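One structure is given below, encoded as structure tokens.
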Amino acid sequence: MRGMAKDVFQVHCVSATGRKIINKKIKRAKLISFFETLPRCVVGMEACGSSHHWGRKLRELGHDVRLMPAAYVKPYVKRGKTDAADAEAICEAVRRPTMRFVEIKSEDQQAVLAIHRARDLVVRQRTQVVNMIRSILREFGHILPTGIEAVSKFAREHCTEDQLAMPEIADGILGVMCHQLNGLNARVDGLTKLIEKHAWLDVDARRLMRMPGVGPITASAIVATIGDAKQFETWRDLAAWLGLTPLNKSSGGKERLGRITKKGDRYIRKLLIIGMTSRALMAKNKPEKADTWTAKLLDEKPFRLATVAMANKSARIIWALLTKREEYRQPIV
């Protein structure tokens, strides 16, 4: 089935022998009634916008719903880019015995992820406003210290202090930007507290938060996104899904490993690397508290390469904690 986020769906049905039975467009309002008339069958869909919603709805009708990444479906498109061709390709891909599928998320998972997406958006907006404030001040020779805290402090105190040496119009625009930054800071704090509240209520999230470098935001995002970690056969599958494994271009018995793929979930990968950066800085500043593996890694590798390697190892530990339901054990220092 093709077009989950659209008003018209393209449905392609084949028999067990591969003979085409149906290939037609169905309007959104009539989709559920159409599947109610069908006997229980395998329904393939691309994992895209609203696909998890429709996956849950069709599962309630008794159908075996399977979501697939769009990149895995693309090789089966014969020609052109139409909904009919895509639906036929989905029907072909879902029947492959080696196809990898995406777990359908629950409503609770998607609700928590909505908080994460909203917070990520507000943080990006805050960064834009901070850069705007810095640029206006620099145009008139005023330089703020590095860091977002310095700009936030300036924004809070802008209206209470004397006007800076700049035209009144520019100072007025600066005031608008400062007011907007104060509001964005309040929104970020509110959304962060909401995520932390949900994280402490979840058993798996609390288990992950015992790991160094994994806080409530990272733990909550991992649990809400992954769901059942047993969908990954090994820890490497999880690390590859996060884009933390090297790009493999081996051939002819020669192993060639490149940079990390950066495929998969960009948000979780970013959170893990940020967390490991904080952990690496702590180990660098206080080497007596760092474990042997981390200290050796930081000594032998460039700093950024070391933090990515630490994120890769964290993905392995996360997979073990979620699949085996064990508690984190601190490595020997």
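Not measured: the values here are computed from a predicted model.
In this structure, Asn182 contributes its side chain and Cys178 its backbone to a donor-acceptor pair below 3.5 Å. Under the 3.5 Å distance criterion, the side-chain polar atoms of Thr225 are left unmatched by any main-chain donor or acceptor of Ile222. With hydrogens and angles ignored, the 3.5 Å screen pairs a side-chain donor or acceptor of Gln109 with a backbone N or O of Ser106. Formation of a donor-acceptor pair under 3.5 Å by the Thr277 side chain with backbone atoms of Ile273 is found in this model. Although no hydrogens or angles enter the test, the distance criterion places no donor-acceptor pair under 3.5 Å between the side chain of Ser152 and the main chain of Glu149. Side chain of Asp171 to main chain of Pro167: no donor-acceptor pair is present (N/O by atom type, distance under 3.5 Å, no hydrogens or angles). Side chain of Thr127 to main chain of Val123: a donor-acceptor pair is present (N/O by atom type, distance under 3.5 Å, no hydrogens or angles). Under a 3.5 Å cut-off, the side chain of Glu139 and the backbone N or O of Ile136 do not form any donor-acceptor pair. A distance-only check finds a donor-acceptor pair linking the side chain of Arg56 to the backbone of Lys105 [under 3.5 Å]. Proximity of a side-chain donor or acceptor of Asp237 to a complementary backbone N or O of Thr234 within less than 3.5 Å is detected.
Proximity of Ser314 to Met276: side-chain heavy atoms (C-beta onward) are separated by under 4.5 Å at one or more points. Within the 4.5 Å cutoff, side-chain heavy atoms of Leu181 are placed close to those of Val130. Between Met209 and Trp200, some side-chain heavy-atom pair lies under the 4.5 Å cut-off. Residues Tyr72 and Arg100 have side chains in contact (heavy-atom distance under 4.5 Å, counting atoms from C-beta outward). Using a 4.5 Å heavy-atom threshold, the side chains of Val65 and Trp54 count as separate. The closest side-chain heavy-atom distance from Leu322 to Leu208 is below 4.5 Å.
Ala221 and Leu113 get closest at one heavy-atom pair: O-CD2, 4.3 Å. Arg126 and Ile148 get closest at one heavy-atom pair: NE-CD1, 3.2 Å. Smallest separation of non-hydrogen atoms from Arg269 and Lys263: NH1-O, 3.1 Å. Smallest separation of non-hydrogen atoms from Pro216 and Ile195: O-CG2, 4.2 Å. Closest of all the heavy-atom pairs between Ser220 and Val112 is OG-CG1, 3.4 Å. Across every non-hydrogen atom of Leu244 and Ala311, the tightest pair is CD1-O, 3.7 Å.
Surrounding CZ of Arg96 are more than 12 heavy atoms belonging to other residues, nucleotides or ligands, all under 6.0 Å away. At most 12 non-hydrogen atoms from other residues, nucleotides or ligands lie less than 6.0 angstrom from CE of Met132. Residue Glu300 places its CD atom among more than 12 non-hydrogen atoms of other residues, nucleotides or ligands, all under 6.0 Å distant. For His12, the NE2 atom is densely surrounded, since the number of other residues' heavy atoms within 6.0 Å is greater than 12. Counting heavy atoms of neighbouring residues, nucleotides and ligands inside a 6.0 Å radius, atom NZ of Lys30 does not exceed 12 of them. More than 12 heavy atoms of other residues, nucleotides or ligands sit less than 6.0 Å from atom CZ of Arg117. Annotation: Ile143, atom CD1; neighbour count of heavy atoms from other residues, nucleotides and ligands within 6.0 Å is above 12. Few gaps surround NE2 on His142; more than 12 heavy atoms of other groups in view lie less than 6.0 Å from it.
With respect to Asp265 and Lys270, no salt bridge is recorded, no charged nitrogen being found less than 4.0 Å from a carboxylate O. Taking the charged nitrogens against the carboxylate oxygens, Asp120 and Arg124 do have a contact shorter than 4.0 Å, which makes a salt bridge.
A salt bridge (charged side-chain N to carboxylate O under 4.0 Å, His left out) with Asp291 is found for exactly one of Arg279, Lys313, Lys296, Lys286, namely Arg279. Partner of Gln10 under the side-chain hydrogen bond (donor to acceptor under 3.5 Å, both in side chains) criterion, chosen from Asp86, Asn23, Thr82, Asp83: Asn23.
Among residues at least two apart or in separate chains, ring-ring contact (aromatic ring centres under 6.0 Å, His included) pairs with a member in residues 230-261 are Phe232-Trp241. For the salt bridge (Lys or Arg N to Asp or Glu O under 4.0 Å) condition, the pairs that include at least one residue of residues 318-329, sequence neighbours left out, are Asp204-Arg325, Arg207-Glu327, Arg210-Glu327, Glu326-Arg329.
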Worked verdict on Glu88 versus Lys78 for side chain to side chain contact (heavy atoms under 4.5 Å, CB included): CA-CA 9 Å; Glu88 184 179 358; Lys78 292 186 175 66; 3.2 Å; yes
Evaluation steps, side chain to side chain contact (heavy atoms under 4.5 Å, CB included), between Arg95 and Val14: CA-CA 10 Å; Arg95 299 164 62 205; Val14 298; 4.2 Å; yes
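Applying the side chain to side chain donor-acceptor pair (under 3.5 Å) test to Thr307 and every residue at least two apart in sequence or in another chain returns Arg304. Taking the side chain to side chain donor-acceptor pair (under 3.5 Å) definition, one finds that Tyr267 meets it with His116, sequence neighbours left out. In terms of the side chain to side chain donor-acceptor pair (under 3.5 Å) criterion, His63 has no residue partners (sequence neighbours excluded). Under the side chain to side chain donor-acceptor pair (under 3.5 Å) criterion, Arg66 pairs with Asp64, sequence neighbours left out.
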